[in-house]
Every structure is written in C-alpha cells, then in structure tokens.
Amino acid sequence: MKLNKREFLGLAGAAAIIPGGFAFAQEKKSVLRYGLSSLPRTTDPHFRTGIQVRTVSFAVYDMLFAVNDKFEVTPQMVDTWTVSDDKMTYNFTLRDGLNWHDDAPVTAEDCVLSIRRWGSRDQVGQLLMEATSRLEPTSEKSFVLELGKPFAFVIESLAKPGSLVPAMMPKRYAETPASKPVTDLIGSGPFKHVPEESRDGHSMVFVKNTEYVPRSEPANWASGGKVVNFDRLELIEIPDATTQLNALLNGEIDYIETLSSDLLPLVEARGPEVARITNSSVVQLVVRINHLQPPFNDLKVRRAFQLAVNQQDVVSAVASNPAFARPCDAVFGCGNQYESAVGAPIHDMDKALALIAESGVDLSQPIVQLLVANASTLTPVGEVMADTLRKLGFTVDQQIVDFPTFSSRRQNQGPISEGGWNIANTTVRTVESATPIESRAVLTNGTDAWWGWPEDAVNEDLRKQFGEEFDIAKRKELTDQIQARIYENVSYMPVGEMLSLSVASGRLENVLDAPTNFFWNISIKP
Amino acid sequence: MLIRTNRRGVEAILRYSIQRLLAAIPVVAIVALIIFSLLFLAPGDPAALLAGDSATPEMIEELRVRLGLDQSYFVQLRIWVLSIFRGDFGVSIFSGTPVLELVYDRIEATAALSVVTTVFAVLFGVSLGMIAAWRAGGFVDRAVLVLSAVFFSFPSFVIAYILILLFAMQMQLLPVQGYVSFQDDFWGFWVKIILPCITLGLPFLALLARITRTTVIEVKREDFVRTAVAKGLPTNQILMPHVMKNAAIPIVTMVGLGVSHLISGVVVVETVFAIPGIGRLVVEAILQRDYPVIQCVTLLSSFVYIVVNMVVDISYSFFDPRIKR
C-alpha cells in the first residue's frame, strides 16, 4: 500500500500524540541501579583490593573456578580438569562457548597469562607461582600446570572469593606488567561495560552480556549459573549514606552496597516490601602491634596488652546495634570453615597489670599510636585501644592522621624518633583472610611480614604445612594450631567483627546472600 | 560624541582587563608553587595507596619510580611546570585518565550548579532586600530579617536534608539525588538541580537580602531620593534608576564574594545530592593524594577567583562612571 503525503503526515501525527506512539515496538529495558559510596577509580582485578573493585570484577570477568557458600570449589570457566596421582600435575580444559566481550574466543593462552599476572601480585597467587614449575597452553582450549614443590591449594587459589580476584582477561591485557593497572574492562563475564555511557564520579554502566553461556548448576555465590534477568546495570556513586538510603526508599535506586548502622531502624520501619537486608560481608577488627620497637618487642608486654583488651568494649564502641558488630575470637573469621576459639585470651585486667609489673617496662615512655581520624570503624577501635593502654599505666601519644598518611607511615619499621610507631589498627575482610595462606594478618616472617612485622618460625612452619595439606580434617587441626600460636606470640590482635549490610528494594527477588554483591540470579518485579 | 565616549570607555575596560589578567600571572604562578610545595611536603604516599594492602615494599617502590615520585623536588617541579606550558596537566595517578579530561567531565555540573544558584540568590535576595528596605520597619521587613538570619545560620547539609525530607520523601515531587546534563535531558536537569540550588543558594540569598536592605535604606536617606519623592515620581522610577544604581556597588561586591564562596561551599552540596562536580573530585583527590588532579583543580579555582574579582571590578564602572577614569 502506498501512502500519499497527507496520509503519511496524518499517521505520523497520530503516532506522535498517542502515548507510546512508535515506541510500542521497542521492548522496555529493565534496569538495576546499584548505589555505592564510591566508584572504583582503578578497576584492574589483579591490581587493587577493595569491595568496589571486587564487585565490578565479578560482574565483568569470569574465573576458572569458584567457591560456594560452603567454601566448596566448583569449576566455572573450566569444563574438565585432572590431577596426577602425585598431585603435582594439573590439566585443565576450558568449556565451550566462552568469548571475550570483544567477541574473540577465550583461549588457554589468555588464561595462562592471566594466572601469571595475578600470581605476580596476589599473596596466594605468589605462593602458587613459587610452587609452579610449568604453566603453559597445550592446545587452544587446554593448559597444564606442573608443580615443582607440593602445594595443596592449586584449585582453591584459582577459586579465591576475595581480592585480588583471579580474573581471566584477554592476552593483550594479561601481558600488561602487574605494576601498571589495566584501564579497560574487557572480560568474559555476564556483564559488559559500556564506557561511553559511564561518567566519572557519577555512574558506571553495564549491559547484560547476551553471548554469555551460564553453567547449568544453580547459582551459589560466584559458582554455578550466572543467569542475568535484566538488561542493564548502573552503578551509581552516592557518597552520602543517608542519601543512598533515601534514594532507595524513594525508588531511585534498587540496591545499596553498605547500610550505615544508624540507618537500620529506617529500613526496618518501612518493612520488607519496601526495603530489606539481603546480604552481609564481615570485616575483622585488627590491632597491629609493632614487634620491632620497645615496649612491644617484649612478649610479656604484648601479652599484658592482649589480656587487658575487652572485645565487648570494642564492639560497643563500633556500633551500638549488635546486628553490626560482634565479639569474635576466631582468627580466620566467625562463621568461616576454620572458626575456632582455641588459644583465645580471656579478658583479665589484674593479670595484665601483674604482667606489666613483672616485665619491668618503662611506663614513662609514651606509646605512639597511629589513629586514623574520621573513620567510622577505625577511630573508635583506636580510642578503645588507647584507653586500654592508659589503664595499664602507659601514656599514649595519639598521632591523628588521615588514611593516606596512615598507609604511608605504618610501613616505617624505624624507631619512634624516626617517625616509627607502636600500635595501629585496621580492618580485613574475613572472606579475604579465611585461611592461613590468604590472611596477611597471620604472616609472621619478621620484616617481610605485614606491618607490625611479627616473627614466629613455628607459625611459619605450620603455615607451610597447611599449604601442603590436602586432608580437610588435618587442615582444621593446623589452623587451630596456627591460631593458638598467633595468640601465644600475640602476633596481632583480632578484637571483634563488624558486619557490613547490603539493602535491596522490595522490587528485587532472589538476591544471593554472599560476601560480595553479585548481580546474577536477581529478578526485578515489574 | 556619545560614540566616541563609549569607545573610549570600552577601550579603558579592555585595557584594564588585560592589565588585570597580566597581573594575575604572577599570582597564579605563586599559587602554583605553593600548591606544589605543600603537596610535596604533605605526608602520605600515593604509590602506597595505589598499590594497596597486598603490595610488598618492592612493588610500592616500583610504582613510585614509574610515577616519578622518587625524583627530587626541583626535578618534579621542572617537569610539572614544563608540562603546564605544553598544556599538559598530567594523568590521574589512580584512574590513569588525563586530568583535563577528568576536570572537563566534572566542570559542567559545578558550573551549572553555581550559575543557577547565583541567579536564584541574586534574583530573590536583591528583590527581598529592596522590598524590605522600601517597607523598612514593617511586617515584610521584619519577616525578611528573621528569615535571612535563619537561612544564613543553618549549615548547608541541614538545609539539604530538610528539603529532601519535604520535597522528595514526603511530597515525592523531586528526586533525592543525581545530576543530568541539560544537553541530555533539559527537563530532567531542572528537576534535579532545584534542591541543590536552593540548598546552596539560601545562605547566599539571605546575605544579599540583608546587604541590599541596608544599602537601599542608606541611599533612601540621600537628598536626591527625597527630591525625587517630592517631585512625585512613581516608586518604580525612584527605586530602579536612582536608588538601585547608587546602591549597586556594595551589592555587586557581595555577589562577587558570594560566588567565590560558592566554589568552596559546593563540596557539601555535591556530596549530599551525589552531583559529580569539581568539589567532589578535588576532595577525593586529596584523600588519595592524587597530586596531578589537586594541582590542576586548585590552579583552576585560583584562576576563577581572579576572573570573578576582575568582572566585579569592571562592573563597578557601569554603576559609577567616575571609576572609568
């Protein structure tokens, strides 16, 4: 049928004034808007730790293996894999249908280079690379990993649920030196980054990767089928915690990364049909003691300090609501597979004071504390520590610093007169410190250890044994022994746990209860 | 004759502007040197921050070398100055994006917020001040005085939360947060900018209302105004050409100062309303010791201060022809 000019204009006019007009043919896109305090400035999963980097990494990249909520390892990009009888040779074959977001197929060479890059920076990856004698592709889709010395955590390493994420990336990015962050976001995961629609300081936009072939198993944490049920994901930077929640309650966003503890009553008051807590991640509150400088180079003084600390005081200072903070003696995290109370000290101020007297420590020398100002978690923990030291008779020189200064000064191993320090505190995510090979806090190799630089050869030997142990029951025994050593030597002090709660709007269903906010499996109610 | 006078006037203004801009060069240079030196002396290591918790001391040192942070003060200063002369403000340490690109992405939001706020504050502040002065001692005058005291006393974030509670959460008329460029969505821009502008503008408006009121009351007492009233001129003819022209200089000065204060006050509003502006960019950069970004934004801010002051100075000549000479 041919339309004359008058008929054409009439139809066009009608289409313009009828709501929906020509648009009826276009399917309405479903969008999930996720509010977070800060967008990651560096998105390289092999370069930066941090919850935001991890969130983006899991959305864009895929991993060879993944763990579920029971810390069981399941294959993800890998289809089949074999281990030799002596457990020294691993052969991996990738599954079909894996493509990078630029449509190139995922090859074994890409994966080998990605493992090498990740392994040059990540603590667990470094252990894997130290043990590896051969890692190379054997075909387009297969590669081999041969160990030169025993290492029991090959598969667990590649399934690591925390940062640095062992993400697979295309060869051209995997060849980038590990000291230089990759700035493009090209992976093979369920979401594709759309840089032209993203805006610095405001939003990062992703669309569903329609080429992604999910596994057939049900989703459980990062393992199983990563089925995406909406078209577009927008990460929106909202620095203010109150504004984040207001935006969620007002329907402007659907999901927020972290709820401030004082705002929980507002969520509870609205009811689950408006907003509800969906998942949480846990951080361990950590006190680091400088083992290189007096007075904490004296074991008696360290033990006295440990006995004087009352975890209940710490968690009460961090959050008045017990939903957000709890005492926890487990070095590898409460609720994790290696949870234990072995060796944990029982708060006893009298014993602590007796030990101080016995040690003969010079109480006139002030304890230099590095205290991060205006940090909602770090500052109150630091104040409780200072108070505890004062009760022991010390004077405390609280040196208030911002986080960048703290990050720099805590590396100083020198004496106090040269800018050194005695105590400081921080946090570590328990998902990233759930085993003796992942946790930086339990390293006790002296000046090569994490800041605080504890030294304990027995503990290092136990950690080595753990790295070579395949038997689950024996691993548990070893973690108990390691925990006992940590407390005996007072290598560091875990002083409680804080929970970071995520909130979703009532529109979202099937949100995974995981320590990282995953966007697959979620469906949005119309 | 008139044309010649106008041309002379324009030439004088141009000459004055060029002189002021030339005089600004050493000011900007000194500001740049101070910023650079302060950042060099400031504690904190961007390499340690960028490398993260998992980095070894060797990794941090490697990064420091790659970023040029291991160089001496004078070498770093020379590299920076030469780069600026080439129009290169460097690359953000954290995002790897050229700093000018970052600033370009953010400047629109801050500029839009500042301009709309200034227009809102000047329009309503000056009008309210004039009305209050004309009705001095009456109910309107007292109401303006009380309200301006209240608006001036409230911190911006309190005003922001009250406005969000009323207009976004209770009435659901406006969004809680966000920003959209007017080029992308003209209507959306206005809907999202209203609450931030009112938040930022209310203290400014209050200040202008009080200054206008005081100045207009003073001018009202002058003989020429009394004469105009005695001659029977209508109020609008007395107010606009006679009173306002004579009261303008203190008001314009206050507008200039207010605009300068907006540049610093914008950080809180950008944070509460999640507006991706320059204020938030520089705060994030300071917290991360992203030196190139801090240096560029601070230089830009000092330049804006100079330009605003220059515009205010030039505007004096429009209200008082004696200043042209």
Side-chain angles (χ1 to χ4, degrees), chain A residues 35 38-44 47-50 53 120-123 126 163-164 177-183 199-203 236-240 242-253 401-411 413 419 426 428 432 440 447-448 450-451, chain B residues 42-60 62-63 65-66 92-97 101-102 105-106 109 157 160-161 164-165 168-169 172 174-181 268 270-278 280-281 283-290:
Chain A
S38 167
L39 290 169
R41 300 287 172 257
T42 312
T43 51
D44 186 339
F47 191 83
R48 286 283 283 174
T49 55
V53 183
S120 68
R121 278 189 68 84
D122 183 72
Q123 182 179 312
Q126 284 169 353
S163 302
L164 301 168
S179 60
K180 189 178 174 197
V182 170
T183 50
R199 185 169 177 174
D200 180 67
H202 182 258
S203 59
I236 299 173
E237 182 172 306
I238 306 176
D240 182 63
T242 311
T243 306
Q244 274 186 26
L245 183 62
N246 282 336
L248 182 98
L249 298 176
N250 216 30
E252 294 169 36
I253 57 173
V401 290
D402 63 353
F403 195 76
T405 309
F406 175 72
S407 296
S408 174
R409 273 199 64 186
R410 70 188 187 185
Q411 304 292 347
Q413 297 185 353
T426 187
V428 292
E432 288 163 2
R440 290 184 298 276
T447 50
D448 289 332
W450 208 29
W451 46 283
Chain B
D45 181 3
L49 278 172
L50 179 61
D53 261 357
S54 59
T56 60
E58 292 75 34
M59 287 176 184
I60 295 171
E62 193 184 333
L63 258 180
V65 172
R66 190 169 67 73
S92 161
I93 291 174
F94 281 81
S95 67
T97 313
E101 206 176 295
L102 281 177
D105 278 350
R106 303 286 193 107
F157 68 91
Y161 287 132
I164 288 171
L165 181 69
M169 305 305 290
Q172 304 218 313
L174 296 165
V176 171
Q177 53 81 41
Y179 175 79
V180 59
S181 167
V268 174
E270 284 180 358
T271 303
V272 174
F273 290 99
I275 296 171
I278 290 284
R280 263 174 56 205
L281 177 70
V283 169
E284 289 158 12
I286 290 167
L287 292 175
Q288 295 177 323
R289 300 289 192 272
D290 200 341

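Basis for what follows: all heavy atoms, side chains included, without hydrogens, waters or symmetry-related copies. Protein chains get the first letters and strands the later ones, always in sequence-line order, with residue 1 at the start of each. These numbers were taken from a predicted model, which means no experiment stands behind them.
With hydrogens and angles disregarded, a donor-acceptor distance shorter than 3.5 Å links the side chain of A:T42 to the backbone of B:F94. A donor-acceptor pair under 3.5 Å links the side-chain atoms of A:T243 to the main chain of B:V272, judged by distance alone. No donor-acceptor pair closer than 3.5 Å links the side chain of B:R289 to the backbone N or O of A:P404. Looking only at distances, no side-chain donor or acceptor of B:E62 sits under 3.5 Å from a matching main-chain atom of A:S179.
Contacts between B:F157 and chain A at a heavy-atom distance below 4.5 Å are absent for every atom of the residue. For B:I275, no part lies under 4.5 angstrom from a heavy atom of chain A. At a 4.5 Å heavy-atom cutoff, the contact between B:L49 and chain A is made by backbone and side-chain atoms alike. Only the backbone of B:L174 comes within contact range of chain A, with heavy atoms under 4.5 Å apart.
Across A:T43, A:T183, A:D402, the residue that shares the most heavy-atom pairs under 4.5 angstrom with chain B is A:D402. Contacts with chain A were tallied for B:L287, B:D45, B:L50; B:L50 has the most, counting heavy-atom pairs under 4.5 Å.
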- [ ] Run the numbers on B:R106 and A:D200 for salt bridge (charged side-chain N to carboxylate O under 4.0 Å, His left out), then give the verdict.
- [x] CA-CA 8 Å; B:R106 303 286 193 107; A:D200 180 67; 3.0 Å; yes
- [ ] Let me see the working for A:I236 and B:Q177 under side chain to side chain contact (heavy atoms under 4.5 Å, CB included), right down to the final yes or no.
- [x] CA-CA 10 Å; A:I236 299 173; B:Q177 53 81 41; 4.1 Å; yes
